[in-house]
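These notes are about the structure you will find just below.
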Number of protein chains: 2
Amino acid sequence: MKLEEAQQQFIASWGAFGTYWGINRTMAQIHALLMISADPLSQDDMMERLSISRGNVNMNIRDLIDWGLVNRVLIPGERKEYFSAEKDIWKVATQIVKERKKRELDPMLRLLDQLGEIEGDKKDKHIKQFTETVSSIKRFGSQTDKMLDGLVKADENWFLGNLMKMFR
Amino acid sequence: MKLEEAQQQFIASWGAFGTYWGINRTMAQIHALLMISADPLSQDDMMERLSISRGNVNMNIRDLIDWGLVNRVLIPGERKEYFSAEKDIWKVATQIVKERKKRELDPMLRLLDQLGEIEGDKKDKHIKQFTETVSSIKRFGSQTDKMLDGLVKADENWFLGNLMKMFR
DNA sequence: TCTATTTTTCAATTATTTTTGAAACTTCAG
DNA sequence: CTGAAGTTTCAAAAATAATTGAAAAATAGA
């Protein structure tokens, strides 16, 4: 398989998978392009490679920087801005976990705390079902929260090594 | 807080969070409604509780059944079909992991295998960067795959207990 | 079988999200 | 200061996804 063809396919597929993960297609494609590029790229490079508009590149690059997945790179003597992606896949995953935890899990747990106390007869089966569901989700969520904190802090090989042993 | 109010809020929020997880709002709301309901509900019940159309309920219920999160329940003497959700949150999580692995991770790994061999000079930095990125994602993906297989098989308390110790 | 009831399907509509592109803004060299 | 090069913004347009509702299909009791 030729390099260009493989690159095209990788970018297209990464973009498609991105939509499963709540990331929009273009953002995932830009990320894919930067991960497989040996050198940093400018916004114009990305526009050309992906056939998308300047505004689109600009907005999605900004989001990727917010997610901590892409960095601005200054190239001496160049006026343009260049961008490169974190290439260590473990760091990428860690960063995504960290951000998603912050954006999704933490707010969810805050909400569940507010739904704890319900007025009325604790023996009523509707009240019982509701409070049981909410509290079991809360319990599960807190455990997940702690686990992810650990995971984010852990060293790659140590973590995977241990986990591999556990599940063998 | 009153039960009805808390239920409303739980359903609305679960729906909103669902969109983060690649699940559409309505599907997540139906799931939420069934999780907090003490008794199985009919399609008409759900239409009324969530103010959505019959077709919408029907399609999303079917998806939830495909995901293994909801079951048809036969109520003796009733002509209508009733539905209930799995209420054990650990089973819910396990089921979601299993399905997403099947739908997302497995196809991704299959693709990466195809992108392995690139024609040309192995020393060329563009080829090198591409193959390195692809193979490191593949490696990471396979490890994740094995880990999730283990997780799905594992018993709740055993798993969380161990993980808690690991990360304390 | 017939028919009332319930479920399913799907084309058309509606809502949401993404993308474009041109104008506004910023930066910097001369 | 001026203006060319580069970046950002955002309203409008396009693309995508979700929802409706009515017709078709399935089901079960008489």
Side-chain angles (χ1 to χ4, degrees), chain A residues 11-34 39-67 70-84 103-104, chain B residues 11-34 39-67 70-84 103-104:
Chain A
I11 290 168
S13 309
W14 199 255
F17 284 112
T19 62
Y20 282 133
W21 289 89
I23 290 160
N24 85 48
R25 189 191 329 290
T26 304
M27 185 167 150
Q29 287 184 347
I30 292 176
H31 186 221
L33 174 58
L34 288 175
D39 305 307
L41 302 181
S42 68
Q43 296 195 176
D44 290 275
D45 295 335
M46 299 182 225
M47 286 169 65
E48 197 188 319
R49 278 303 282 285
L50 304 175
S51 310
I52 55 178
S53 72
R54 183 176 303 286
N56 201 2
V57 169
N58 190 274
M59 287 177 128
N60 285 113
I61 275 286
R62 187 149 50 74
D63 279 351
L64 283 165
I65 291 173
D66 284 347
W67 274 82
V70 165
N71 289 102
R72 264 174 238 273
V73 174
L74 290 173
I75 294 194
E78 283 272 17
R79 173 84 176 271
K80 271 189 187 144
E81 289 181 329
Y82 284 78
F83 301 89
S84 74
R103 293 166 195 223
E104 299 161 34
Chain B
I11 291 168
S13 309
W14 198 255
F17 284 113
T19 62
Y20 283 132
W21 289 90
I23 290 160
N24 86 46
R25 189 193 328 291
T26 304
M27 184 167 149
Q29 287 184 349
I30 291 176
H31 187 221
L33 174 59
L34 289 174
D39 305 309
L41 302 182
S42 69
Q43 295 196 175
D44 290 276
D45 295 334
M46 300 182 226
M47 284 169 66
E48 197 188 317
R49 277 304 282 284
L50 304 175
S51 311
I52 56 177
S53 72
R54 183 177 302 286
N56 201 1
V57 169
N58 191 274
M59 286 178 129
N60 285 113
I61 274 287
R62 188 150 48 74
D63 279 352
L64 283 165
I65 291 173
D66 284 348
W67 275 80
V70 165
N71 289 102
R72 264 174 239 273
V73 174
L74 290 172
I75 294 196
E78 283 272 15
R79 173 83 177 271
K80 272 189 186 145
E81 289 181 328
Y82 284 77
F83 302 89
S84 73
R103 294 166 195 222
E104 298 161 35

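As the structure is a computational prediction, the values presented were derived from the model and not from experiment. In what follows, chains are A, B, ... by sequence order, proteins preceding strands, each numbered from 1.
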Separation of atom CD1 in B:Ile65 from atom C1' in C:dT8, rounded to whole Å: 12 Å

Generate the contact string for nucleotides 15-30 of chain C. Rules: B means base contact, S means sugar-phosphate contact only, - means no protein heavy atom under 4.0 Å. ---SSBB-----BS--

Using OP1 and OP2 only, check whether a side-chain N or O of B:Arg62 sits under 4.0 Å from C:dT9. yes

Side-chain donor-acceptor pairs of residues 47-61 of chain B under 3.5 Å, sequence neighbours excluded:
{"residue": "B:Arg49", "atom": "NH2", "partner": "B:Gln7", "partner atom": "OE1", "Å": "3.2"}
{"residue": "B:Ser53", "atom": "OG", "partner": "B:Asn56", "partner atom": "N", "Å": "3.2"}
{"residue": "B:Arg54", "atom": "NH2", "partner": "B:Asp44", "partner atom": "OD1", "Å": "3.1"}
{"residue": "B:Asn58", "atom": "ND2", "partner": "B:Gln43", "partner atom": "OE1", "Å": "3.0"}

Just the rounded figure in Å: distance from C1' of D:dA5 to CG of A:Asp44. 10 Å

Tell me, please, which residues at least two apart from A:Asp39 pass side-chain hydrogen bond (donor to acceptor under 3.5 Å, both in side chains). B:Lys125

Check the distance between C:dT7's P and B:Arg72's CZ and give it to me in whole angstrom. 9 Å

A:Tyr82 atom OH is separated from D:dA5 atom P, nearest whole Å, by 14 Å

Of all heavy-atom pairs linking A:Ser42 and A:Lys80, the shortest is CB-CD, 3.9 Å

Would you be so kind as to tabulate the donor-acceptor pairs closer than 3.5 Å made by side chains of residues 13-20 of chain B, with sequence neighbours excluded?
{"residue": "B:Ser13", "atom": "OG", "partner": "B:Gln9", "partner atom": "O", "Å": "2.8"}
{"residue": "B:Thr19", "atom": "OG1", "partner": "B:Ala16", "partner atom": "O", "Å": "2.6"}

B:Gln43 atom CD is separated from D:dT20 atom P, nearest whole Å, by 14 Å

Rounded to whole Å, how long is the line connecting atom CD of B:Glu81 with atom P of D:dA26? 14 Å

Take atom CG of B:Asn58 and atom P of D:dT27, then tell me their distance rounded to the nearest Å. 13 Å

Hits for side-chain hydrogen bond (donor to acceptor under 3.5 Å, both in side chains) against B:Arg103, two or more places apart or cross-chain, chain-then-number order -> B:Glu99

Please state how far atom NZ in A:Lys80 lies from atom P in D:dA4, giving the value in whole angstrom units. 17 Å

Partners passing salt bridge (Lys or Arg N to Asp or Glu O under 4.0 Å) against A:Glu78 (at least two apart in sequence or in another chain): none

